[in-house]
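Only a predicted model underlies this, so the values are computations on that prediction, with no experimental measurement involved. We name chains A, B, ... by the order of the sequence lines, and we start the count at 1 in each one. Both backbone and side-chain heavy atoms feed into the values below; hydrogens, waters and symmetry mates do not.
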Amino acid sequence: KAGVTQTPRYLIKTRGQQVTLSCSPISGHRSVSWYQQTPGQGLQFLFEYFSETQRNKGNFPGRFSGRQFSNSRSEMNVSTLELGDSALYLCASSSIVGNTGELFFGEGSRLTVL
Amino acid sequence: SQQGEEDPQALSIQEGENATMNCSYKTSINNLQWYRQNSGRGLVHLILIRSNEREKHSGRLRVTLDTSKKSSSLLITASRAADTASYFCATSRARSNDYKLSFGAGTTVTVRA
């Protein structure tokens with residue numbers, strides 16, 4: 001069974017640009033969550049999607065958005081990038097909504113904003 | 001703010017020794033999970049312990065949970081170089097519509113050969 005796949009693995013952007021990250025969950029998993037990891041703030045929850053609906057959202061500005069497609073694949077978008085958006089963005093899938101069970105994480109997308 | 005806090009922040013041990021790390025949290029939980037992260041990689045689930053459980057084992061891992069003290073511990077026995085990683089506890093809040101895992105800051109474990 002293939003694991004969670006995130007693309008791209010690494011990317012460099014400049015301030016003001018936007019970025020789209022992609023996540024393909026484990027086959028059969030309908031819940032996809034996104035987390036941001038930085039040295040200063042640690043792992044912070046961004047949002048969770050289940051069956052194409054956003055179920056929960058963390059305390060991030062509206063520049064951070066996401067969506068989920070009918071095949072459960074998810075994308076997250078960050079617009080008007082700031083230096084502080086440099087982070088490892090982790091996607092996790094689960095068979096259970098609400099992050100109450102085991103999460104399966106991808107390897108992450110490392111974003112550097114210059 | 002983070003729900004869980006790990007202690008110590010960093011731990012260095014000799015191969016073959018045991019490693020113990022602790023996690024404290026603030027609110028009532030449904031369950032508590034431990035994850036491992038190798039440098040710059042994704043997180044790997046280690047073990048989940050429910051709020052009505054007190055101890056759980058998985059291979060060389062032993063997790064305890066004390067809900068009265070709002071704390072958990074992770075013990076890795078007979079450590080190996082491959083156990084070098086950061087370890088995070090994560091909690092799922094009870095009786096809440098706050099559907100997310102809250103992660104602690106992590107304990108960085110270095111196993112010396």
Taking everything shown except [X] itself, do over 12 heavy atoms lie less than 6.0 Å from its [atom1]?
| X | atom1 | result |
| --- | --- | --- |
| A/R73 | CZ | yes |
| B/R80 | CZ | no |
| B/R112 | CZ | yes |

Between [X] and chain B, with a heavy-atom cut-off of 4.5 Å, which part of the residue counts as in contact: side chain, backbone, both or neither?
| X | result |
| --- | --- |
| A/L103 | both |
| A/Q37 | side chain |
| A/Y35 | side chain |

Inset, instruction - Begin from the C-alpha positions of A/F104 and B/V44 and carry the test side-chain contact (heavy atoms from CB on, under 4.5 Å) through to its verdict. - result: CA-CA 7 Å; A/F104 295 82; B/V44 175; over 6 Å; no
Inset, instruction - Using non-hydrogen atoms and a 4.5 Å limit, figure out which bit of B/L43 sits close to chain A: side chain, backbone, both or neither. - result: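 Answer is both: backbone and side chain atoms of B/L43 are under 4.5 Å from chain A.
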Inset, instruction - Please answer: with hydrophobic residues joined when any side-chain heavy atoms are less than 4.5 Å apart, are B/I47 and B/M21 in the same cluster? - result: yes
Legend entry - A/L88 side chain near B/Q37 side chain, heavy-atom distance below 4.5 Å: yes
Legend entry - CD on A/E102 to CG on B/N31, rounded to 0.5 Å: 11.0 Å
Inset, instruction - Check whether the ring centres of B/F103 and A/F45 lie less than 6.0 Å apart, and answer yes or no. - result: no
Inset, instruction - Report yes or no: does A/E107 contribute a side-chain atom to a donor-acceptor pair with the main-chain N or O of B/G42 at less than 3.5 Å? - result: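 Flag set: sc A/E107 to bb B/G42 pair under 3.5 Å.
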